[in-house]
Each structure stands twice: as C-alpha cells, then as structure tokens.
**Q** 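So that we are looking at the same thing, I have put the structure below in structure tokens.
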Amino acid sequence: MSLMSLSRFCSSVTKYAAQPILRNYETSFLHVRSLASAANYEFIKVEKTGEKKNVGLITLNRKKALNALCDGLMKEVSLALDDFEADKEVGAIVLTGSERAFAAGADIKEMQNKEYADCFRSKFLESWDGLAKTMKPVIAAVNGYALGGGCEMAMMCDIIYAGEGAKFGQPEILIGTIPGAGGTQRLTKAVGKSRAMEIVLTGEQFSAQDAEKWGLVSKVFPADKVVSEAVKLGEKICQNSKLIVALCKESVNNSFETTLAQGLHSEKRYFHATFATNDRREGMTAFLEKRKPNFTDS
C-alpha cells in the first residue's frame, strides 16, 4: 500500500491521529537534498554511521566556544536534519558535541545587545523547536556541559544518553533572564514541578547520575562510550519499520499535549492506522512464520 493511500485512509480519524505524521512522512521523502552539502558546514560535522550506514550523526563543532549555540549553528543543524529526514536509508539520528561540552548554552555575545522589540518581531528562538519536530527519532549523546540552551537542545531530542561526567543545568537566572527554548516546560514535564523550580530558580548544575535518577536521562555510560552506545540504539531502532516508528514517536509525544482520555483515544487511532500498512501485515506474518520481517516502510 502506498503512503498516499495510507494518508487517505487516515483522513477519517481524529485530529490527534495519524494523518499529520503520514502526510509529513510522505512530504519529507519527496524533499531531496544531497548530503554533499555537508562539506559546507562551518559549525557542525555530519556523517552517516553504523554498520549499515543507516544512522545519521550530527556533531556540534564549535569547540573553542564550548559549542555555544549561535544562530549559524542552529541553522546548520536544521539543514542537516532536513537531509536526514529526506534520506530513505536513515532511520535514526544521533546528536552530540565534544567530550568537554555537548553545548554550554546559547551564544551570549549574540544576545547581549538584543532589545525586546527585536526579539518579539524576529520570533527569537522559535526556529529552534525544529529539532523537536523531526519525524525520525533523535538521540542526544551528551558529554561535558549541557547548560542553558544546551540542556534545552538535549531535551528536544527523543532519548538522552549521558556520559558519567556530564553536567546539566538551566543557569539563565544567573544572567538576568529565563530559559527560552523549553527549559521551564520540558524540564518540568521530565523531572516534576518542585525539582524543576529548584533548578531554574537557582541556576545550579546537576550530574548525569541525578539526571538519570530523575528521569531526564535514559542511561549513563563512560564518556568514551556514549556516542557509540547512542549509535547502537539508533541501529536497533532502524531494524523496525520507519513508518511505524514515526507513528509510535508521534503517539508518545502526543501524550504530553492531551488529557489521558484524549491520549488513549488517539493512541487507538494510531494503532488502527497501522492496519492500513504493508509493514503491519509483514510484521505479524513474519512472527507467525518464525522469521525476520522484511519491512518496506510502506
């Protein structure tokens, strides 16, 4: 069954159901951009990795600035994400920095002289949410500092793996401002109101071990193993249907936007929609025939 047919099938379900992601999934693969453009990147490195070269790897590369998130870097990350979204071979993406810093925050020099009117008119930081809207799973592999915008960037990802010495925090309060890219929102949903309040109102840093204990981080590894473990996770995800993975990711994300009753209703609609796919039929048939499924992402 084609994606177009599947999209038509899903048109009857609720606004929380599968149609938006299926439409976006189809559109993303019509968008063709060559990864050869990676040679032009100034602030990041981009490659495909894993045994089957099916995991996209984006490495933030402003080492002297501790990977401070300047506007140019964020635009390049957006372009790289678009490339990987359009690449049919890529099933998951890993985002990382250096062992010293994932990203030590937004670039203060870029923000210092901004005025309210300029921030408002330009919708400052609004484009950063593109990372959170990526359809394919994104795994943050965090070493060193993930502070301010760096912590927010990690939280935009779907899964966070951290090195043993990683440090997280939202220190914006210490320079007279507040988090502006999800620090007061995603952090609260991840660790709860009381702990989030303590973090954002004091600006204090917290360890990878605390982040794991509080539910912000999935797993902690030795620093030199974080990226390879994140890639392994990406490869494991890539064994599944990219279409069904995208549906499942949207269903999980939907749980943060709805009531439990609405979420349960939309989850069933996503589940029902999988029955219009070739991959659902292939997966169940392979299970009954005791063989490995041959998913076609359709």
Side-chain angles (χ1 to χ4, degrees), residues 15-16 20-21 23-24 27-28 31 33 41-44 58 60-62 65-83 85 95 97 101-135 138 140 142 145-158 160 168-205 216 250 253-259:
K15 67 178 181 179
Y16 298 110
I21 192 166
R23 183 173 60 248
N24 292 339
T27 301
S28 72
H31 173 205
R33 187 198 303 270
Y41 290 133
E42 179 181 0
F43 303 116
I44 64 174
I58 301 173
L60 308 184
N61 192 36
R62 292 189 75 201
L66 295 180
N67 291 329
L69 305 178
C70 63
D71 186 58
L73 182 147
M74 295 306 296
K75 286 179 179 177
E76 288 185 0
V77 169
S78 180
L79 289 173
L81 289 170
D82 285 347
D83 286 339
E85 287 274 69
L95 178 67
F102 176 74
D107 195 322
I108 305 300
K109 290 182 180 179
E110 278 194 350
M111 295 190 293
Q112 182 181 7
N113 296 317
K114 284 186 177 293
E115 300 289 343
Y116 168 75
D118 176 45
C119 292
F120 182 80
R121 282 195 296 262
S122 66
K123 298 181 180 179
F124 185 46
L125 299 187
E126 189 167 306
S127 62
W128 289 26
D129 282 343
L131 177 60
K133 297 174 183 176
T134 301
M135 291 171 54
V138 182
V142 177
Y145 296 110
L147 306 177
C151 185
E152 291 170 314
M153 192 179 204
M155 290 190 292
M156 292 178 197
C157 299
D158 302 299
I160 303 176
F168 298 84
Q170 298 292 158
E172 290 87 349
I173 199 79
L174 303 178
I175 59 171
T177 186
I178 72 168
T184 65
Q185 304 300 304
R186 292 188 177 95
L187 185 64
T188 304
K189 294 180 184 298
V191 305
K193 177 185 175 182
S194 179
R195 187 159 282 129
M197 280 287 193
E198 182 179 3
I199 291 167
V200 301
L201 296 183
T202 65
E204 292 181 353
Q205 299 174 21
L216 180 66
E250 180 158 308
N253 283 334
N254 187 51
S255 70
F256 291 101
E257 310 297 333
T258 64
T259 64

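For clarity, every value in this text was computed on a predicted model and none was experimentally measured.
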**Q** If I compare all heavy atoms of G203 with all of I173, which pair ends up nearest, and what's the gap?
**A**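 Result for this residue pair: N-CG2, 3.7 Å.
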**Q** Give a yes or no on whether the backbone of E42 and the side-chain of E76 come within a donor-acceptor separation of less than 3.5 Å.
**A**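 Yes; judged by distance alone, with no hydrogens or angles, the pair exists.
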**Q** To the nearest 0.5 Å, what is the distance between CG on L201 and OG1 on T184?
**A**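 Rounded to the nearest 0.5 Å, the CG-OG1 separation comes to 10.5 Å.
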**Q** Of all heavy-atom pairs between L69 and G150, which one has the smallest distance, and what is that distance?
**A**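 Shortest heavy-atom separation between L69 and G150 comes out as CD1-N, 3.8 Å.
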**Q** Closest heavy-atom contact between C151 and A146?
**A**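 Scanning both residues, the minimum pair turns out to be CB-O, 3.1 Å.
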**Q** Say you draw a straight line from CZ of F102 to CG of N67; how long is it, rounded to the nearest 0.5 Å?
**A**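 Rounded to the nearest 0.5 Å, the CZ-CG separation comes out at 8.5 Å.
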**Q** Which pair of non-hydrogen atoms, one from C157 and one from A140, has the smallest distance, and what is that distance?
**A**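 Closest approach of C157 to A140, heavy atoms only: SG-CB, 3.7 Å.
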**Q** What is the distance from atom CZ of F168 to atom CD1 of I199, rounded to the nearest 0.5 Å?
**A**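 Separation between the atoms: 10.5 Å.
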**Q** In Å and rounded to the nearest 0.5 Å, what is the CG to CG distance from L147 to L66?
**A**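 The CG atom of L66 is 9.0 Å from CG of L147, to the nearest 0.5 Å.
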**Q** Within a strict 4.5 Å, meaning less than it, do heavy atoms of the Q205 and Y145 side chains meet?
**A**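 They are in side-chain contact.
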**Q** One pair to check against side-chain contact (heavy atoms from CB on, under 4.5 Å): I58 and V138. What are the steps and the verdict?
**A** CA-CA 10 Å; I58 301 173; V138 182; over 6 Å; no
**Q** Could you tell me the separation between the CE atom of M155 and the CD atom of Q185, rounded to the nearest 0.5 Å?
**A**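 So the gap between those two atoms works out to 10.0 Å.
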**Q** With distance as the sole test, does E85 use its side chain to make a donor-acceptor pair with the main-chain N or O of M135 at under 3.5 Å?
**A**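 Yes; at least one donor-acceptor contact below 3.5 Å.
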**Q** Starting at CD1 of I44, measure out to CG of L95 and round the result to the nearest 0.5 Å.
**A**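 Nearest 0.5 Å value for the CD1-CG distance: 9.0 Å.
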**Q** Using modelled atom types only, decide if a donor and an acceptor are shared between the side chain of R62 and the backbone of A68 within a distance under 3.5 Å.
**A**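 Judged by distance alone, yes, a pair lies under 3.5 Å.
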**Q** Between G183 and E152, which heavy-atom pair has the shortest distance, and what is it?
**A**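 In this case the closest contact between G183 and E152 is N-OE2, 2.8 Å.
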**Q** Begin from the C-alpha positions of V77 and L60 and carry the test side-chain contact (heavy atoms from CB on, under 4.5 Å) through to its verdict.
**A** CA-CA 8 Å; V77 169; L60 308 184; 3.9 Å; yes
**Q** Any sub-3.5 Å donor-acceptor pair from E172's side-chain atoms to T177's backbone N or O?
**A**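 Answer holds: no.
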